Amino acid sequence: MNFIERVTGIFTKPEATIKDILKEPRIEEPLVIVGIYALLIMLSSYLTSMHMGMGSNISSLVIGLVIALIGWPIATGVVHALALFLGGE
């Protein structure tokens, strides 16, 4: 499966997709997803600061990036702990 098939497969045929991911894991794919997430958070932070009249400053971009890169592992850990609590492996 290529990257697009894996992303869509998670929603359409999760069992086969997970088996494929476990058979052949790739580090690039999650990095692309986290990178896109970080860019969207940075853009949102930047546009919010512009809308609130704070001007276009670089600190809003940096704060958005830090929030994305720290928030992603925390959210992942919470979801993983919840899955373990509910009987997942």
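All values below were derived from every heavy atom in this structure, side-chain atoms included, with hydrogens, water molecules and symmetry-related copies excluded. Just so it is clear, the structure is predicted and the values come from calculations on it, not from any experiment.
Cluster membership check: Val66 shares its hydrophobic cluster with Ile74, using side-chain heavy-atom separations under 4.5 Å among Ile, Leu, Val, Met, Phe, Trp and Tyr. No continuous path of hydrophobic side-chain contacts links Ile4 to Ile10 [ILVMFWY only; heavy atoms under 4.5 Å]. Ile27 and Val34 sit in two unconnected hydrophobic clusters of ILVMFWY residues. Membership requires side-chain heavy atoms under 4.5 Å apart, directly or through other members. Linking Ile, Leu, Val, Met, Phe, Trp and Tyr residues whenever their side-chain heavy atoms come within less than 4.5 Å leaves Val79 and Ile70 in two separate clusters.
Looking only at side-chain heavy atoms (C-beta outward), Thr17 and Val7 stay at 4.5 Å or farther from each other. Between Leu65 and Leu39, the closest side-chain pair of non-hydrogen atoms is not below 4.5 Å.
Across every non-hydrogen atom of Ala68 and Ala38, the tightest pair is CB-CA, 3.6 Å. The minimum heavy-atom distance linking Phe3 with Arg26 is given by the pair N-NH1, 4.5 Å. Taking each heavy atom of Gly88 and Leu84 in turn, the nearest pair found is O-CD2, 3.7 Å.
To the nearest 0.5 angstrom, Glu28 atom CD is 11.5 Å from Ile33 atom CD1. Atom CG of residue Asp20 and atom CD of residue Glu24 lie 6.5 Å apart, to the nearest 0.5 angstrom. A distance of 13.0 Å separates CD1 of Ile21 from NZ of Lys19, quoted to the nearest 0.5 Å.
In this structure a side-chain-to-backbone donor-acceptor pair under 3.5 Å is missing from Ser44 to Leu40. No donor-acceptor pair closer than 3.5 Å links the side chain of Ser45 to the backbone N or O of Ile41. The backbone N or O of Asn2 sits less than 3.5 Å from a side-chain atom of Glu5, completing a donor-acceptor pair.
Judged as a ring-ring contact (aromatic ring centres under 6.0 Å, His included), and not counting sequence neighbours, the contacts of Tyr37 are Trp72.
Using a cutoff of 4.0 Å between basic side-chain nitrogens and carboxylate oxygens, Glu15 and Lys13 are not scored as salt-bridged.
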